[in-house]
Amino acid sequence: MPAILPRPAGPGERMILALDELIRAPFDAAGIFSFFAARAVPGVESVQLGDPRRLRYARTLRLPGGPSACEITALQVPEGSRLQVRLELAAAEDEALALWLVRRLLDLDAPAEQIDAELAEAGLADAVRRTPGIRVPGAVDPQEIVIRAIIGQQISVKAATTHLGRLSAAVSTVCTSRFAGLDRLFPDAGQIAGGVPVPDAHEALDPDRVLRLPRRSIAAVAGTARALELGELQVGFGSDPAALRAALLDTAGIGPWTAAYIGMRVLGDADAWLPRDVALASGAARLGLIDRQLGAAQRHRVLEEYAQRWAPWRSYAAMHLWQAAGTLE
């Protein structure tokens, strides 16, 4: 993305850097922006989808030089999507990292034409024709995705976003931004570990607790945050996939679905599969890939076997199935 409008920061200001890049079709901008919209944590993220020709996503960033932010606008043009990115940086040295994170977040370097062609040949032709250039959303902070994934286990996206918003409002760091809708960072592991008390086994749950989740889920969030803070659990963009999966599965409260989701979002695992995902099974049934009349256990078993033909692109196949299900889970 070539810089087109660098503006040095004045006293007490952060530097604004504007960039522009054409992302040639196929690129499913609407899908990935909608994914972020459904999960947007107030103050941390801001999304506008009202004009399909002009989509906006903004969020705060925790970078080495200090609190920062990005604002991404996707404009629909005949050749594809023109992405306009504005970075609000505390330090100029963070520019390269911020741009790298934006590319990962939007999965801009995916071989979209190859993925579409191979998935179409493997039984997803209708889905690919309806949504060419589908992308797998990435991450800007590995630890954030771990916390989001744990809180989102076995509840709806809407419910998870509500819990995350309450958590962020209670324990996150407030910061200012000139990008509309942003006023705080997503809480780090230390803030979560210190700000989410775990109820005693015999203690009545406080209806006003920070995370209004079951006792076991609260313990999983707080315990994982503590492990991340102390370095007992290490999750990074460069983590070894097998080692990370093993470490996640050894962590109380994290199962195969959550480990696979973290691998998909953090490591960019193109071939992750999320076992026993209800929305995936629903989407597969709507696409006529599995029999709607099958019982739940059999549907998941049949779908997991069917999904083998989508390797090495099962993460992208999952995105198609979630869209077909009418959900963004």
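Numbers here are sequence positions counted from 1. All figures in this text were calculated on a predicted structure; none of them were measured in a lab.
For the residue pair R82/T73, the side-chain donor-acceptor check at 3.5 Å is not satisfied. A donor-acceptor contact under 3.5 angstrom links the side chains of Q191 and T173, judged on distance only. The closest side-chain donor-acceptor pair between E88 and S68, if any, does not fall under 3.5 angstrom. Inspection of the Q76 and S81 side chains reveals an N or O donor paired with an N or O acceptor under 3.5 Å. At a cut-off of 3.5 Å, with distance as the only test, a side-chain donor of E118 or W313 sits close to an acceptor on the other residue.
Residue L101 is grouped with residue L17 when hydrophobic side chains (ILVMFWY) are merged at heavy-atom distances under 4.5 angstrom, including chains of intermediate members. Cluster annotation: L205 is not connected to V196 through the hydrophobic network of ILVMFWY side chains, with a link wherever side-chain heavy atoms come within less than 4.5 Å. No single ILVMFWY cluster, assembled from side-chain heavy atoms under 4.5 Å apart, contains both L249 and V221. A continuous path of Ile, Leu, Val, Met, Phe, Trp and Tyr side chains, each step under 4.5 Å between heavy atoms, connects F237 with V235, placing both in one hydrophobic cluster. Put simply, I145 and L185 are part of two different groups of oily side chains (I, L, V, M, F, W, Y) that touch within less than 4.5 Å, one to the next.
Among the candidates R265, R62, R59, the single residue satisfying the salt bridge (charged side-chain N to carboxylate O under 4.0 Å, His left out) test with E144 is R59. For the side-chain hydrogen bond (donor to acceptor under 3.5 Å, both in side chains) criterion with D51, the lone passing option out of R54, Q48, R53 is R53.
When side chains are defined from C-beta on, P199 does not count as touching D206, because their heavy atoms never get closer than 4.5 Å. Looking at V140 and F186, their side chains never come closer than 4.5 Å, going by heavy atoms from C-beta outward. Taking the side chain as every heavy atom from C-beta outward, F27 and R135 approach each other to under 4.5 Å. Side-chain contact between Q84 and L19: absent, with no pair of heavy atoms (C-beta onward) separated by less than 4.5 Å. A 4.5 Å side-chain heavy-atom check between T162 and L164 finds every atom pair outside the cut-off. Under the 4.5 Å side-chain criterion, counting only non-hydrogen atoms from C-beta, S217 is not in contact with Q153. At a threshold of 4.5 Å between non-hydrogen side-chain atoms, the residues V41 and R184 do not count as touching. Side-chain contact check for D277 versus H300: every heavy-atom pair is 4.5 Å or farther apart.
Under a cutoff of 6.0 Å and an axis angle of 45°, R314 and Y316 do not form a cation-pi pair.
Atom CZ of R56 sits about 8.5 Å away from atom CZ of F179, to the nearest 0.5 Å. Note: D109 CG to R103 CZ = 4.0 Å, rounded to the nearest 0.5 Å. Taking OG1 of T258 as the start and CZ of R148 as the end, the distance is 14.5 Å to the nearest 0.5 Å. The CD atom of E93 sits 8.5 Å away from the CE atom of M15 when rounded to the nearest 0.5 Å. We find the CG-CH2 distance between L124 and W310 to be 5.0 Å, quoted to the nearest 0.5 Å. The CG atom of L61 lies 9.0 Å from the CG atom of L105; values are rounded to the nearest 0.5 Å.
Here the closest non-hydrogen pair linking P256 and P275 is CB-CG, 3.8 Å. A pairwise comparison of heavy atoms in A259 and I254 identifies N-CG2, 4.1 Å as the closest pair. I262 and A149 make their closest contact through CG1-CB, 3.9 Å (heavy atoms, listed as atom of the first residue, atom of the second, distance). The two residues A193 and A225 make their nearest non-hydrogen contact at N-CB, 3.8 Å. The two residues L87 and C70 have their closest heavy-atom pair at CD2-CB, 3.8 Å. Of all non-hydrogen atoms in I115 and A110, the two that sit nearest each other are CD1-CB, 4.2 Å.
In terms of modelled atom types and a separation under 3.5 Å, the side chain of S239 and the main chain of G236 share a donor-acceptor contact. The backbone N or O of V136 lies less than 3.5 Å from a partner atom in the side chain of D107, making a donor-acceptor pair. Within the 3.5 Å criterion, the main-chain N or O of L108 finds no donor-acceptor partner in the side chain of R104. The backbone N or O of P42 lies less than 3.5 Å from no partner atom in the side chain of S46, so there is not a single donor-acceptor pair. No donor-acceptor pair closer than 3.5 Å links the side chain of E229 to the backbone N or O of R226. Of the possible donor and acceptor atoms, one in the side chain of R212 sits under 3.5 Å from a partner among the backbone N and O of P207. Between the S315 side chain and the A270 main chain, a donor and an acceptor come within less than 3.5 Å of each other. With D28 contributing its side chain and P132 its backbone, the two residues share no donor-acceptor pair below 3.5 Å. Formation of a donor-acceptor pair under 3.5 Å by the T161 side chain with backbone atoms of A38 is found in this model. Between the side chain of D116 and the backbone N or O of G133, at least one donor-acceptor pair lies under 3.5 Å.
Within the hydrophobic cluster formed by Ile, Leu, Val, Met, Phe, Trp and Tyr side chains joined at under 4.5 Å, directly or through other members, L22 is accompanied by V77.
The pair R301-E305 does not meet the salt-bridge criterion, since no charged nitrogen lies less than 4.0 angstrom from a carboxylate oxygen.
A perpendicular orientation is assigned to the rings of Y57 and F33, their planes being inclined by more than 60° (bins at 30° and 60°).
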Steps toward side-chain contact (heavy atoms from CB on, under 4.5 Å) verdict (I192, L167): CA-CA 8 Å; I192 295 170; L167 174 66; 4.2 Å; yes
Residue pair I72, L83: steps toward the side-chain contact (heavy atoms from CB on, under 4.5 Å) verdict: CA-CA 7 Å; I72 308 165; L83 290 185; 4.3 Å; yes
Test log, rule side-chain contact (heavy atoms from CB on, under 4.5 Å), inputs L321 and L303: CA-CA 11 Å; L321 298 189; L303 177 57; 4.2 Å; yes
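Residues W273 and Y261 place their aromatic rings such that the two centres sit no closer than 6.0 Å.
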Which pairs would a plain distance check flag for residues 278-297, meaning a side-chain donor or acceptor within less than 3.5 Å of a matching protein atom at least two apart in sequence or in another chain?
unit_1 : atom_1 : unit_2 : atom_2 : d
R286   : NH1    : A325   : O      : 3.2
D291   : OD1    : Q293   : N      : 2.9

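Heavy-atom contacts from other residues, nucleotides or ligands closer than 6.0 Å to CD of Q234 number 12 or fewer. The number of heavy-atom neighbours closer than 6.0 Å to CZ of R215, taken from other residues, nucleotides and ligands shown, is above 12.
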